[in-house]
Amino acid sequence: MKNAEIAKIFYEIADLLEMQAVQFKPQAYRKAARTLEGMSEDIEKVSGEGRLTELAGVGEALAGKIQEYLKTGKVKHLDELKKKIPGNLDELLKVQGLGPKRALVLYDKIKIESIDDLEKAARQGRIRRIEGFGEKTEQDILKGIEMYRLGTKRMLLGVALPLAREIVEKLKSLKEVKRAEIGGSIRRRAETIGDIDILVTTSNPSKISKFFVSMPEVERVFAEGDTKSSILLRNGKQVDLRVLKEDEFGSALQYFTGNKDHNIKLRNIAIKKGLKLSEYGLFRKAGSKRIAGRSEEEVYKKLGLQYIEPELREDQGEIDLALKNKIPKIIGYGDIKGDLQMHTKNSDGVNTVKEMAVAAKSMGYEYISMTDHSQSEKIANGMEPERLLKYIQGIRKAEKEVKGIRIFASAEVDIKSDGSLDYSDDILKKLDIVTVSIHSGFKMEKEKMTQRICSGLQNKHVDIFNHPTGRYINRREPYEMDFEKVVQTAVKNKVHLEINSSPERLDLKDSLIRKAKELGADFTISTDAHSVDGLKAMEYGIAMARRGWLTKKDVINTRSLKELPKYFKNLK
DNA sequence: GCCGTTTTCGGCCCGACTGTTTTCAGTCG
Ligand SMILES: Nc1nc2c(ncn2[C@H]2C[C@H](O)[C@@H](COP(=O)(O)OP(=O)(O)OP(=O)(O)O)O2)c(=O)[nH]1
Ligand SMILES: [Mg+2]
Ligand SMILES: [Mg+2]
Ligand SMILES: [Zn+2]
């Protein structure tokens, strides 16, 4: 997919235009770049179908540049701009605090073209002598270079959310703090997180800010003000704090939750109504009287919109639907009745069936499903048919012992390279639920992989397709396949798609969930726990389902035990 | 460069913090 490459080009054009003080075009290029980054569909496909100008922020001119890049691998406009300002601009701008305007000055005055140039100049004290720069700026640039060189990646949601909750608890322990809430991409439950955003309401802002910037784990303070502070923790994570008054809580949380494009759209709606929206509230332009701000619900309502759940605030059509009151009620965090994928000591898990069942029961589940690995998974201690039969007996026994929770005997069965399954039908029919996965041969070409998966899904016992794309966030790309065809095959054969809640997988991801739903799919959400502790990951999977616009009805394991059998072939 | 239940021209989100400035531009959220 060339989406990201083209986004990068648009960002670079935007920066070069901004250097020349061109008005508005930089925002236009950046808006289009964000659209490209946020979409899951291949831009080449969109272009092929003549739908480029349907993309938000893409008009005739940018559609032309996208086509140009797809055809020639170049965008002339960028090459032209680069003639005026050569050098490694996109690298330079990754230094925090250095934007297009000052980068241009550095190039004009002392020919800075790269990070290495920049570092040398700063160390030699040549930057402080430039008009508009100074000693502090020079130091900040060096620190910025150091940070850039650390090359910090975006955090997994599974890392960021617990960390954010800890900080929130800490802030809540102060008696001056009325409310402390997580904002930003964590509140929207994005799969990866750039920084930790926290909102506090209080009547004593300076006290809170002082406390925040002097916490023991603070490495650096980027900024400290009355309503906004920003720090770097020793663990390398950035935390932004906004401090506002209690009666501004709603508008402040709305602002700080974002995303950026969602905010801009809301603010434009306000403008059209003769209003103004900011973190301080919704105001009448004339007279500046405040008409909302205490709660988010109030802000959306006064703008003429249905309330929008944070997970949907991605500028992916939610605002248009909210204007028409047409956003569906998405699945809730309490709607799950059981967990349908987990591993035990029988393969590569660390707990016994009984231990998993006791833990699940205490979480209020009505049922769980054991899905230990099939025989080809030698490194994961996959089970030979004989051992599988004993495993099933063990599950029946554990179920009698634990009582009060149904334990399904299932397995995570490999779809082998030729598309056959890792157990014969004679074995598969002994399981309550059959789930299948791709665990090897990831490098297969698209056609073959699609064929392989589809033949696996057509087996008459198969119920669930696990972690359907096989990706590991930041570590392994999804395997190549024709997603539409796979989903269509799943739908036709009544195979449910798993939303794997494991934070490094989150597979299916949000945009593909939404797409699969449009294609008629239904889903299970499961943790793939390899220990009792792993069962807690369910909230991440539910978050993805919400971001994929799923309702309770779309997810099979929201059903009670009684309703469940009709969704699984061997249980019918 | 994009876009449209007040517009196909004339708007384009709004505000905080910092350093180097005598009043604000640049950068970031
Ligand atoms: N109105 C407005 N709000 C913004 C803008 N930039 C950021 N925000 C708001 C919405 C964001 O969700 C929130 C936090 O900003 P961040 O830069 O931390 O972005 P976010 O948390 O969404 O993503 P991240 O994972 O941190 O990259 O602040 C902006 O340019 N305008
Ligand atoms: Mg953030
Ligand atoms: Mg932030
Ligand atoms: Zn697996």
Side-chain angles (χ1 to χ4, degrees), chain A residues 10 13-15 17-19 21-35 52-66 77 92-106 127-141 144 183-185 194-199 205 209 213 221-231 238-244 248 251-252 254-283 285 288 303-304 315 320 323-324:
Chain A
F10 285 177
I13 292 175
D15 292 331
L17 291 171
E18 195 158 309
M19 283 182 169
V22 175
Q23 298 291 301
F24 303 110
K25 288 192 192 186
Q27 288 93 306
Y29 275 93
R30 288 190 187 117
K31 166 71 194 162
R34 288 197 300 273
T35 298
L52 283 177
T53 55
E54 286 172 25
L55 299 173
V58 177
E60 292 301 328
L62 292 191
K65 290 188 171 65
I66 292 171
H77 188 47
L92 274 176
L93 296 187
K94 282 184 188 138
V95 176
Q96 212 178 103
L98 189 59
K101 292 280 163 57
R102 313 174 99 209
L104 178 64
V105 173
L106 289 172
I127 288 177
R128 69 180 75 178
R129 294 204 292 267
I130 300 170
E131 199 189 327
F133 290 72
E135 210 167 321
K136 185 69 171 42
T137 305
E138 197 171 74
Q139 290 311 307
D140 286 347
I141 284 176
S185 50
D195 68 352
I196 294 171
D197 300 297
I198 291 173
L199 171 70
S209 302
V213 299
V221 178
F222 293 117
E224 181 190 356
D226 281 343
T227 81
K228 180 175 160 177
S229 304
S230 187
I231 58 167
Q238 183 174 328
V239 187
D240 290 345
L241 181 75
R242 281 302 307 249
V243 184
L244 288 103
E248 296 161 341
S251 47
Q254 192 293 308
Y255 151 73
F256 214 26
T257 299
N259 72 8
K260 176 175 170 165
D261 288 320
H262 178 95
N263 286 358
I264 291 174
K265 275 226 170 108
L266 286 194
R267 288 167 182 216
N268 278 321
I269 290 173
I271 291 170
K272 282 188 198 132
K273 288 182 177 292
L275 306 171
K276 181 184 71 161
L277 176 63
S278 76
E279 55 266 50
Y280 297 99
L282 185 62
F283 301 86
K285 265 222 166 112
S288 65
L303 286 172
D315 189 27
D320 285 344
L323 279 167
K324 297 184 233 157

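Quick note on labels: first sequence line is chain A, next is B, and so on, each numbered from 1.
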Expressed in whole Å, how much space separates the [atom1] atoms belonging to [N] and [M]?
{"N": "dT21(B)", "M": "dA25(B)", "atom1": "C1'", "answer": "9 Å"}
{"N": "dC17(B)", "M": "dC12(B)", "atom1": "P", "answer": "25 Å"}
{"N": "dC3(B)", "M": "dT7(B)", "atom1": "C1'", "answer": "10 Å"}
{"N": "dC2(B)", "M": "dC13(B)", "atom1": "C1'", "answer": "16 Å"}
{"N": "dT8(B)", "M": "dG19(B)", "atom1": "C1'", "answer": "44 Å"}
{"N": "dC9(B)", "M": "dC14(B)", "atom1": "C1'", "answer": "24 Å"}
{"N": "dG11(B)", "M": "dT22(B)", "atom1": "C1'", "answer": "34 Å"}
{"N": "dG1(B)", "M": "dT5(B)", "atom1": "C1'", "answer": "24 Å"}

Return the nearest nucleotide to the side chain of [X]; candidates are [options].
{"X": "Y280(A)", "options": "dT20(B), dA16(B), dC12(B)", "result": "dA16(B)"}
{"X": "D140(A)", "options": "dG19(B), dC14(B), dC17(B)", "result": "dG19(B)"}
{"X": "K136(A)", "options": "dG19(B), dC12(B), dG1(B)", "result": "dG19(B)"}

Take atom [atom1] of [X] and atom [atom2] of [N], then tell me their distance rounded to the nearest Å.
{"X": "L52(A)", "N": "dG1(B)", "atom1": "CG", "atom2": "C1'", "answer": "15 Å"}
{"X": "E138(A)", "N": "dT20(B)", "atom1": "CD", "atom2": "C1'", "answer": "14 Å"}
{"X": "F10(A)", "N": "dC2(B)", "atom1": "CZ", "atom2": "C1'", "answer": "13 Å"}
{"X": "R30(A)", "N": "dC13(B)", "atom1": "CZ", "atom2": "P", "answer": "13 Å"}
{"X": "K31(A)", "N": "dC13(B)", "atom1": "NZ", "atom2": "P", "answer": "11 Å"}
{"X": "I127(A)", "N": "dT20(B)", "atom1": "CD1", "atom2": "C1'", "answer": "15 Å"}
{"X": "L282(A)", "N": "dC14(B)", "atom1": "CG", "atom2": "C1'", "answer": "13 Å"}
{"X": "I269(A)", "N": "dC13(B)", "atom1": "CD1", "atom2": "C1'", "answer": "12 Å"}

- Task: Assign each of F133(A) and H77(A) to its nearest nucleotide of DNA chain B by heavy atoms, then name whichever residue's nucleotide is nearer the 5' end.
- Result: H77(A)
So, do [X] and [Y] sit near enough that their side-chain heavy atoms are less than 4.5 Å apart?
{"X": "L244(A)", "Y": "K228(A)", "answer": "no"}
{"X": "D240(A)", "Y": "F222(A)", "answer": "no"}
{"X": "F10(A)", "Y": "T35(A)", "answer": "no"}

Pick base, sugar-phosphate or nothing for [X], based on heavy-atom distances below 4.0 Å to the nucleic acid.
{"X": "K25(A)", "answer": "base"}
{"X": "L62(A)", "answer": "sugar-phosphate"}
{"X": "E131(A)", "answer": "nothing"}

- Message: Any strand counts, and the cut-off is 3.5 Å on both contacts for Watson-Crick or G-U wobble. Which nucleotide pairs with dT8(B)?
- Response: none
Table of protein N/O atoms under 3.5 Å from nucleotides 3-8 of chain B N/O atoms:
{"unit_1": "dC3(B)", "atom_1": "OP1", "unit_2": "G57(A)", "atom_2": "N", "d": "3.0"}

- Task: Quick one: which residue pairs count as a salt bridge (charged side-chain N to carboxylate O under 4.0 Å, His left out) with a foot in residues 254-268 of chain A, not counting sequence neighbours?
- Result: K31(A)-D261(A), R34(A)-D261(A), K265(A)-D315(A), R267(A)-E279(A)
- Sequence neighbours left out, what pairs pass salt bridge (charged side-chain N to carboxylate O under 4.0 Å, His left out) with at least one residue falling in residues 93-105 of chain A? none
- Message: For nucleotides 23-29 of chain B, give me one character per nucleotide, 5' to 3': B if any protein heavy atom sits under 4.0 Å from the base, S if the only such contacts are to the sugar-phosphate, - if neither.
- Response: ---SSSB
- N263(A) side chain to Y255(A) main-chain N or O, any donor-acceptor pair under 3.5 Å? yes
- Task: Sequence neighbours left out, what passes side-chain hydrogen bond (donor to acceptor under 3.5 Å, both in side chains) with S229(A)? Give chain and number order.
- Result: none
- Message: Could you work out, with side-chain hydrogen bond (donor to acceptor under 3.5 Å, both in side chains) as the rule, every residue matching D197(A), not counting sequence neighbours?
- Response: none
- R128(A)-T137(A) side chain donor-acceptor pair, cut-off 3.5 Å: no
- Message: Assess, by modelled atom type and distance only, whether the side chains of S230(A) and Q238(A) contain a donor and an acceptor separated by less than 3.5 Å.
- Response: yes
- Task: Given side-chain contact (heavy atoms from CB on, under 4.5 Å), test L106(A) with L98(A) step by step and report yes or no.
- Result: CA-CA 10 Å; L106(A) 289 172; L98(A) 189 59; 3.9 Å; yes
